[in-house]
Amino acid sequence: MNNDTSGCGCRSIGHLVDGIQRFRAQYFGADPSFMRNLVEAGQSPASLVISCSDSRVDPALLTGAAPGELFVVRNVANLVPPYAQGTGLHGTGAAIEYAVRDLKVDHIIVLGHAHCGGIKAMMNAAGGEWPERDFIGDWVAMALGAAEQYVQDESAEGGRSRVPLERLKSSPFLVERAAIRRSLDNLMTYPWLRERVEAGTLQVHGWWFDLDTGDLWKTEGGERTLLPVI
């Protein structure tokens with residue numbers, strides 16, 4: 001293993017280089033035709049995964065997917081902004097467009113997870129503790145509407161009302177799953193994506209992975225409610 005850190009006091013990344021060497025031995029040495037086919041024929045993944053940037057939730061590792069199976073975009077809190085044209089920098093929207101219009105994926109999976117730092121930052125900001133960062137606050141603020149729309153107190157006097165913020169902070173999984181549902185709604189604001197969903201050539205899914213137990217929650221049959229996989 002290469003443990004060289006060039007005297008910077010940083011943690012070594014030599015094991016990552018070793019990992020690439022193992023990848024090369026598997027996909028270029030043992031079966032050289034595998035990667036050659038992906039290069040010559042191009043990629044044709046069946047699924048787009050919109051996942052959190054969290055280092056503990058890697059879509060390929062979680063699913064056991066091989067190279068070429070998943071087209072992945074990762075961002076803080078696995079959020080999907082609503083469709084908007086303009087001169088802004090639309091990184092997530094660009095990935096969605098390429099996957100849907102060019103790669104012709106059959107499935108889009110919004111993959112969230114427990115203990116999401118982005119959702120925690122959003123709830124802190126909602127309570128007045130805005131993060132002292134340049135970009136994170138404005139980005140995660142997209143998830144606030146999800147909590148307001150989907151996390152309701154059914155037992156409240158007079159009917160449905162918003163769940164108090166302090167209760168949400170003690171049960172962040174409610175907001176994590178609500179944010180997935182909001183992202184599914186936002187996906188449907190992309191006109192060319194909606195056309196394919198309505199034509200039956202594309203399906204959207206919400207998944208939530210529990211880091212405590214390894215359990216997966218997901219939507220079924222076009223619904224927005226996430227339920228545990230039995």
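Here CD of Glu195 is found 9.5 Å from OG1 of Thr201. Values are rounded to the nearest 0.5 Å. How far CE of Met188 is from CG of Leu193: 6.5 Å, rounded to the nearest 0.5 Å. Rounding to the nearest 0.5 Å places CG of Leu48 at 11.0 Å from CG of Leu111. Going from atom CH2 of Trp130 over to atom CE of Met122 covers 10.5 Å, rounded to the nearest 0.5 Å. Atom OG of Ser51 and atom CD1 of Ile109 lie 10.0 Å apart (nearest 0.5 Å). Atoms CD and CG, from Glu176 and Asn78 in turn, are 9.0 Å apart once rounded to the nearest 0.5 Å.
Between Trp192 and Tyr190, a ring centre-to-centre spacing shorter than 6.0 Å is recorded.
Both Phe23 and Phe34 are members of a single hydrophobic cluster when ILVMFWY side chains are connected at heavy-atom separations under 4.5 Å. Under the 4.5 Å side-chain heavy-atom criterion for ILVMFWY residues, no single connected hydrophobic cluster contains both Ile13 and Ile20. Connection of Leu216 to Leu227 is not established within any shared hydrophobic cluster, with ILVMFWY side chains joined at heavy-atom distances below 4.5 Å, either directly or through further cluster members. Leu89 is not connected to Trp139 by any chain of hydrophobic side-chain contacts under 4.5 Å among Ile, Leu, Val, Met, Phe, Trp and Tyr, and they are in different clusters. Val17 and Tyr27 are members of different hydrophobic clusters when ILVMFWY side chains are connected at heavy-atom separations under 4.5 Å.
In terms of modelled atom types and a separation under 3.5 Å, the side chain of Ser171 and the main chain of Phe173 share no donor-acceptor contact. Judged by distance alone, the side chain of Asp106 and the main-chain N or O of Leu202 form no donor-acceptor pair under 3.5 Å. Distance alone, capped at 3.5 Å, is enough to place a donor-acceptor pair between the Asn75 side chain and the Leu79 backbone. Judged purely by atom type and a 3.5 angstrom limit, Asn37 uses its side chain to pair as donor or acceptor with the backbone of Ser33. For Glu69 (side chain) and Ala66 (main-chain N/O), a donor-acceptor pair under 3.5 Å exists by modelled atom type.
Look at Glu198 and Arg196 and you find no salt bridge, because none of the NZ, NE, NH1 or NH2 atoms lies under 4.0 Å from a carboxylate O. The residues Arg74 and Asp54 are annotated as not salt-bridged, no charged nitrogen and carboxylate oxygen being separated by less than 4.0 angstrom.
By the 4.5 Å heavy-atom criterion applied to side chains, His205 and Ile108 are not counted as neighbours. In this structure, the side chains of Ile50 and Val72 stay at 4.5 Å or more apart for every pair of heavy atoms. When side chains are defined from C-beta on, Val80 counts as touching Ile96, because their heavy atoms get closer than 4.5 Å. Within the 4.5 Å cutoff, the side chain of Ser47 has no heavy atoms near those of the Val105 side chain. Contact of the His113 side chain with the Cys116 side chain is registered, since non-hydrogen atoms from C-beta on lie closer than 4.5 Å. Using a 4.5 Å heavy-atom cutoff, the side chains of Gln26 and Asp31 are not in contact. Looking at Leu70 and Pro59, their side chains come closer than 4.5 Å, going by heavy atoms from C-beta outward. No side-chain heavy atom of Arg181 sits under 4.5 Å from any side-chain heavy atom of Arg177.
Enclosure of atom CG in Leu16 by more than 12 non-hydrogen atoms of other residues, nucleotides or ligands within 6.0 angstrom is indicated. Shown here is Arg56, whose CZ atom has more than 12 heavy atoms of other residues, nucleotides or ligands within 6.0 Å.
The nearest pair of heavy atoms linking Ala77 to Gly118 is CB-CA, 4.2 Å. Counting all heavy atoms, side chain and backbone alike, Ile180 lies closest to Gly206 at CG2-CA, 3.7 Å. Pairing each heavy atom of Thr92 with each of Pro81, the nearest pair is CG2-CD, 4.0 Å. Scanning all heavy atoms of the two residues, the minimum distance from Tyr83 to Thr189 falls at N-OG1, 2.9 Å. Between Leu103 and Pro45, the shortest heavy-atom distance links the atoms CD1-CG, 4.0 Å. Residue Pro67 comes nearest to Leu38 through the heavy atom pair O-CD1, 3.6 Å, listed as atom of the first residue, atom of the second, then distance.
Test Val204, Leu187, Thr219 against Val110 for side chain to side chain contact (heavy atoms under 4.5 Å, CB included) and you get one pass: Leu187.
Using cut-offs of 30° and 60° on the angle between ring planes, the pair Trp208 and Trp217 is perpendicular.
Counting only residues at least two apart or in different chains, ring pair (Phe, Tyr, Trp, His ring centres under 6.0 Å) contacts with residues 41-75 comprise Phe71-Tyr98.
Side-chain contact check for Asp185 and Ser183: no donor-acceptor pair (N or O, by modelled atom type) lies under 3.5 Å.
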